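What follows is a set of notes on a single structure, which appears directly below.
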Amino acid sequence: MDRMRITLALLVVGGVLTTAAFVMAFTVAAVPDFGTVTVAQEADTVRELKEVTEDGYVYGRPDWGQKIFYFHVPVAEASFLVLFFTAFYGVRFLMTKRRGFDVRARIATEVTLLFVTLTMITGVLWTRAAWGVWWEWEPRLTTYFILTLMVIGYFVLRNSIEDEERRATYAAAFGILAFINAPISFFVTRLLPSTHPVIERGGLQPPMLVAFILAQIGMLMIGYAVYRLRMREEQVNDDLEQLKLALEG
């Protein structure tokens with residue numbers, strides 16, 4: 001019960017921090033401008049008035065799609081971190097052949113699938129808001145899309161092999177291979193020309209930085225709590241299966 005209380009506490013605190021971050025994102029966190037628009041007459045608008053010129057009133061064009069940033073980046077980071085544990089437990093399984101490590105790797109990949117799905121959804125929304133298109137085959141989006149397909153392929157592979165040990169062995173190797181794409185996807189925007197934004201040091205104002213950090217911490221806590229809940233469910237199912245076998249015997 002103590003472990004369950006810890007898990008629920010992580011889930012609640014993570015949810016509170018994430019919610020606080022989103023509230024800050026839509027209240028105190030600034031919205032950067034991307035260019036300006038000039039109108040002939042003064043307008044009643046949420047856009048900030050920059051200056052008044054001979055041509056008219058110059059307003060900033062706020063990047064409202066940037067609000068998605070406070071959700072999109074934390075879930076993407078969580079997907080990378082949880083996928084690391086898929087690879088870690090995959091290595092442990094290949095070294096020991098212990099079923100417990102295969103279970104941990106599988107559950108870590110399940111949580112990864114949740115986060116890559118959220119990352120893709122929020123990424124598409126941001127792309128639409130910022131670029132006016134639903135998708136663009138630029139380096140970050142392309143490599144992360146490949147990563148998403150590999151995470152899905154992990155479960156396709158598991159479901160296609162009946163022998164338990166072979167299934168676990170192939171899944172471990174494939175999980176390690178999938179994780180290799182994570183650092184590639186993360187650093188590709190720093191190595192190749194890309195339209196995907198990159199956070200630079202000192203690039204966030206204090207309210208934006210606080211909201212961003214709260215969202216990161218909260219999302220990681222939620223991810224860990226979901227992993228622990230799935231592990232608990234798996235343990236309960238194993239205990240029930242053992243009890244069933246004992247009763248039948």
Side-chain angles (χ1 to χ4, degrees), residues 1-31 64-90 92 100-126 129 144 147-148 151-152 154-155 175 178-179 182 185-186 199 204-241 243:
M1 290 300 295
D2 289 339
R3 291 184 178 181
M4 181 57 67
R5 290 194 185 97
I6 293 173
T7 301
L8 293 177
L10 287 170
L11 191 61
V12 171
V13 175
V16 170
L17 292 178
T18 304
T19 302
F22 296 157
V23 171
M24 291 184 65
F26 285 93
T27 54
V28 298
V31 179
W64 294 106
Q66 187 265 349
K67 297 297 185 181
I68 303 173
F69 157 86
Y70 297 99
F71 187 81
H72 175 68
V73 176
V75 294
E77 291 177 336
S79 71
F80 290 145
L81 182 61
V82 181
L83 188 58
F84 164 79
F85 288 100
T86 294
F88 174 76
Y89 288 123
R92 295 295 303 274
F101 291 130
D102 174 56
V103 172
R104 288 178 173 86
R106 173 172 56 81
I107 292 177
T109 314
E110 291 177 3
V111 180
T112 301
L113 179 61
L114 169 65
F115 282 111
V116 295
T117 302
L118 292 174
T119 302
M120 292 296 293
I121 292 173
T122 54
V124 167
L125 293 175
W126 185 91
Y144 198 88
L147 176 65
T148 302
V151 172
I152 296 173
Y154 175 92
F155 295 103
F179 174 71
S185 180
F186 181 82
I199 301 175
L204 297 178
Q205 299 176 9
M208 298 171 68
L209 182 60
V210 172
F212 181 50
I213 292 175
L214 287 178
Q216 287 179 304
I217 296 174
M219 198 60 65
L220 291 177
M221 293 177 71
I222 290 173
Y224 184 51
V226 171
Y227 172 81
R228 288 173 64 104
L229 286 172
R230 279 291 295 118
M231 279 298 301
R232 176 62 178 169
E233 180 184 3
E234 194 72 22
Q235 291 170 358
V236 170
N237 289 337
D238 284 346
D239 291 343
L240 291 175
E241 188 64 26
L243 180 59

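Side-chain atoms are counted along with the backbone in the values below, which use heavy atoms only and exclude waters and symmetry mates. Predicted model, so just to flag it, every value in this text is computed and none were measured.
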So, for [X] and [Y], which heavy atoms are closest and what is the spacing to 0.1 Å?
X	Y	value
A178	L147	O-CD1, 3.4 Å
F69	P74	O-CD, 3.7 Å
A211	M24	CB-CB, 3.9 Å
G14	M221	CA-CB, 3.9 Å
A21	L214	CB-CB, 4.0 Å
T86	G175	CG2-CA, 3.9 Å

Quick check for you: to the nearest 0.5 Å, what is the distance between [X] atom [atom1] and [Y] atom [atom2]?
X	Y	atom1	atom2	value
F115	L81	CZ	CG	9.5 Å
F22	T19	CZ	OG1	7.0 Å
F71	M219	CZ	CE	4.5 Å
Q235	R230	CD	CZ	11.0 Å
R106	T112	CZ	OG1	13.0 Å
H72	L118	NE2	CG	11.0 Å

Practice task
Please examine the side chains of T122 and W126, heavy atoms only from C-beta on, and report whether any two atoms are closer than 4.5 Å.
Solution key: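 No - every pair of side-chain heavy atoms lies 4.5 Å or more apart.
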Problem set entry | Check: N237 and E241 side chains under 4.5 Å, non-hydrogen atoms |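 Side chain of E241 against side chain of N237, heavy atoms only: no contact under 4.5 Å found.
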Might you work through the side-chain contact (heavy atoms from CB on, under 4.5 Å) test for V82 and Y227, ending with a clear yes or no? CA-CA 9 Å; V82 181; Y227 172 81; 5.6 Å; no
Discussion item. Distance alone, cut at 3.5 Å: any donor-acceptor contact between the side chains of S79 and Y144?
Written reply: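 Judged by distance alone, the side chains do pair up.
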Q: Test side-chain contact (heavy atoms from CB on, under 4.5 Å) on E110 and F155 and set out the steps.
A: CA-CA 9 Å; E110 291 177 3; F155 295 103; 3.7 Å; yes
Note to self: Is the distance between the ring centroids of F179 and F88 under 6.0 Å?
What the structure shows: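 No, the ring centres sit 6.0 Å or more apart.
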(request) Verify side-chain contact (heavy atoms from CB on, under 4.5 Å) between R232 and V236, making sure each step is shown before the conclusion. (result) CA-CA 6 Å; R232 176 62 178 169; V236 170; 4.1 Å; yes
